[in-house]
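First comes the structure, then the notes that go with it.
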Amino acid sequence: MTRDLTIAAVRLTPILVADPPLLNTQGVHQPYTPRLIVEVETADGITGVGETYGDAKYLELARPFAGKLVGRQVSDLGALLLLADEVAVDASRVLGRVDVGGLRGVQTADKLRLSVVSGFEVACLDALGKSLGLPVHALLGGKVRDAVEYSAYLFYKWAGHPEGVPSEKDDWGAAVDPAGIVAQARAFTDRYGFSSFKLKGGVFPPEEETAAVRALAEAFPGHPLRLDPNGAWSVETSLKVAAEIGDVLEYLEDPALGTPAMAEVAARTGVPLATNMCVTTFAEVQEAFTKGAVQVVLSDHHYWGGLRNTQQLAAVCRTFGVGVSMHSNTHLGISLAAMTHVAATVPNLHHACDSHYPWQSEDVLTERLTFDGGRVTVSDAPGLGVELDRDRLAFLHQRWLDDDGTLRDRDDAAAMRVADPGWVTPSVPRW
Ligand SMILES: O=C([O-])C(=O)C[C@H](O)[C@@H](O)C(=O)[O-]
Ligand SMILES: [Mg+2]
């Protein structure tokens with residue numbers, strides 16, 4: 001049977017999804033956060049889905065990029081990155097400083113383009129897999145594991161968004177001290193079976209956060225623990241924390257901002273350092289690896305330009321003896337499926353992956369993905385193995401249409417100012 005893999009249509013649907021009041025060093029998550037759902041339809045009527053960031057700066061690139069794909073083949077994956085280079089990035093979008101929501105290091109035109117491409121690459125792979133009757137992991141060379149392990153992503157959080165702010169309720173409660181963090185970890189374990197834990201730090205003074213990690217170590221002896229202040233600490237503070245809790249850490253994630261500071265910390269501690277801030281593109285690899293600044297890179301297909309680039313990153317890490325883990329921002333089930341497919345193919349992925357998915361009560365799928373013993377089973381169904389719920393998609397899109405623009409760009413500092421009008425993004429190092 002011949003198949004027509006020509007892309008006949010591309011649909012882009014920006015949505016707003018509920019997000020709990022999770023705290024990080026920049027502020028707090030908004031009650032609703034933007035995502036972009038990408039659909040690629042072949043001439044045969046097969047639809048592939050992808051998901052990426054939905055802020056205006058990504059939409060601006062996604063729209064012209066979508067126009068370039070019509071008439072091409074869904075199998076033409078190599079061309080995606082080249083086509084993306086043809087899409088102009090408005091200079092005002094390239095801030096030259098850490099971006100407000102993504103906490104992914106300094107924002108560049110390249111990073112914006114790669115994040116857009118990732119959603120389209122996943123949609124093309126989904127459509128191609130459905131056309132050929134093959135799962136995405138098979139298109140990527142085949143799985144080396146049947147399930148992918150995820151870690152519990154613990155956050156300091158408030159019980160709810162500020163009074164009077166429209167939001168969805170969550171049932172996690174508040175967590176603003178060690179006891180609250182341990183209770184949250186127990187809830188993660190009870191609900192999903194996770195056995196490794198990452199605490200998002202950079203929120204409270206380091207002594208409070210190390211106390212929370214100690215409390216976790218006592219409550220879950222021997223379980224892998226990570227602490228990630230998103231570069232909020234000085235080199236000296238990072239070293240102090242490493243000395244205090246290094247004995248219970250699997251790794252310390254981005255304690256200090258930027259490769260030179262990370263290299264200095266790494267030179268003076270035996271605690272492995274991980275990053276999703278100083279190595280986020282191939283261009284940043286050489287300096288960081290040759291300086292020994294990081295021992296683990298958190299891959300993220302949204303950052304790196306897709307699933308195939310994620311595999312290439314893993315190969316580069318293997319070459320340099322650097323470990324691989326996986327980063328996550330707020331995402332839905334399409335991305336979790338994509339993360340699981342690529343993670344299943346990476347032999348040197350030896351750390352449980354991060355995922356925000358448990359924090360997301362809303363999705364655009366007919367069936368949510370589930371964690372069993374902290375693991376997601378790798379689907380062998382054609383494509384990603386997920387199905388779009390068009391009614392939910394329309395509902396969440398309507399929320400985006402109804403928004404006056406306040407929430408269409410993630411801004412954790414602005415969300416914090418609703419509760420604390422004097423809040424300004426802390427300068428780095430904060431401690
Ligand atoms: O460094 C990380 O792991 C992240 O940046 C993940 C997320 O962005 C997280 O910090 C958040 O959403 O607040
Ligand atoms: Mg991180």
Side-chain angles (χ1 to χ4, degrees), residues 17-35 52-55 98-107 111 115 150-158 161 172 175 184 196-204 209 225-233 238 249-259 261-262 265 272-280 284 288 293-304 323-332 335-336 339 351-360 409-416 425-426 428 430:
V17 291
D19 212 9
L22 307 179
L23 299 163
N24 60 38
T25 200
Q26 302 222 349
V28 64
H29 285 211
Q30 300 173 167
Y32 300 100
T33 201
R35 292 297 283 172
T52 190
Y53 299 97
D55 310 59
V98 177
D99 87 325
V100 285
L103 302 167
R104 61 183 294 190
V106 174
Q107 192 172 103
K111 288 185 193 179
S115 295
Y150 287 86
S151 65
Y153 200 156
L154 311 178
F155 274 83
Y156 290 108
K157 77 178 281 290
W158 299 326
H161 285 281
W172 290 92
Q184 193 184 91
S196 76
F197 303 93
K198 159 167 164 172
L199 174 60
K200 171 58 51 171
V203 176
F204 295 116
E209 298 186 350
L225 303 177
R226 312 153 179 183
L227 176 59
D228 174 15
N230 282 111
W233 302 335
S238 304
L249 286 181
E250 177 186 15
Y251 53 68
L252 191 53
E253 189 174 318
D254 287 308
L257 195 63
T259 292
M262 288 284 281
V265 178
L273 302 189
T275 188
N276 62 271
M277 295 187 78
C278 70
V279 181
T280 58
E284 293 166 333
V294 295
Q295 287 67 55
V296 179
V297 172
L298 276 71
S299 63
D300 180 328
H301 74 271
H302 304 92
Y303 283 21
W304 288 83
V324 183
S325 186
M326 194 179 278
H327 166 263
S328 149
N329 250 307
T330 303
H331 66 87
L332 300 179
S335 277
L336 182 61
M339 290 155 71
H351 303 275
C353 302
D354 289 352
S355 174
H356 270 251
Y357 195 58
W359 292 114
Q360 264 44 73
D409 292 298
R410 177 179 163 178
D411 188 338
D412 297 359
M416 183 58 110
T425 307
V428 174
R430 186 172 174 186

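Start at 1 and go down the list; that is how both ligands and their atoms are numbered. Just so it is clear, the values below take in all heavy atoms, side chains as well, and ignore hydrogens, waters and symmetry mates. This is a predicted model, so every value here is computed, not measured.
Using a 4.0 Å cut-off to heavy atoms of Asn230, the atoms of ligand 1 that qualify are 1 (O), 2 (C), 5 (O), 10 (O). Those atoms of ligand 1 with a heavy atom of His29 less than 4.0 angstrom away are 11 (C), 12 (O), 13 (O). The contact set between ligand 1 and Phe155, taken as ligand atoms under 4.0 Å from a residue heavy atom, comprises 9 (C), 11 (C), 13 (O). Close approach to His327 involves these atoms of ligand 1, each under 4.0 Å from a residue heavy atom: 1 (O), 2 (C), 3 (O), 4 (C), 5 (O), 6 (C). Close contacts between ligand 1 and Ser328 involve ligand atoms 6 (C), 7 (C) [criterion: under 4.0 Å to a heavy atom]. The distance from ligand 1 to the heavy atoms of Asp228 drops below 4.0 Å at these ligand atoms: 1 (O), 2 (C), 3 (O). For ligand 1, the atoms lying closer than 4.0 Å to a non-hydrogen atom of Asn24 are 11 (C), 13 (O). Ligand-side atoms of ligand 1 in range of Arg410: 11 (C), 12 (O), 13 (O), range being under 4.0 angstrom from any heavy atom.
Here the closest heavy-atom approach between residue Val279 and residue Ala288 is recorded as CG2-CB, 3.4 Å. The shortest heavy-atom contact between Gly231 and Val428 is O-CG1, 3.2 Å.
Two residues are said to be in side-chain contact when any heavy atoms from C-beta on lie closer than 4.5 Å; Tyr153 and Leu22 fail this criterion. Under the 4.5 Å side-chain criterion, counting only non-hydrogen atoms from C-beta, Val297 is not in contact with Val324. Taking the side chain as every heavy atom from C-beta outward, Asp19 and Gln360 approach each other to under 4.5 Å.
Backbone or side-chain N, O or S atoms of Asn276 reach the Mg ion (ligand 2) at under 2.8 Å.
Of the candidates Thr275, Asp300, Asn276, Val296, Val296 is the only one forming a side chain to side chain contact (heavy atoms under 4.5 Å, CB included) with Ser325.
Considering backbone and side-chain atoms alike, Lys198 places an N or O below 3.5 Å from some N or O of ligand 1. Residue Asn276 places at least one N or O, backbone or side chain, under 3.5 Å from an N or O of ligand 1.
Here the two rings, on Tyr32 and His161, have centers that are 6.0 Å apart or farther.
In Glu253, the N, O or S atom that comes nearest to the Mg ion (ligand 2) is OE2. Asp228 contributes OD2 as its N, O or S atom closest to the Mg ion (ligand 2).
Look at Asp354 and Arg226 and you find a salt bridge, because one of the NZ, NE, NH1 or NH2 atoms lies within 4.0 Å of a carboxylate O, short of that distance.
Atom OH in Tyr150 sits 9.0 Å away from atom OG in Ser328 (nearest 0.5 Å).
Residue contacts with ligand 1, taken as heavy atom pairs separated by less than 4.0 Å, involve Tyr153 solely via side-chain atoms from C-beta onward.
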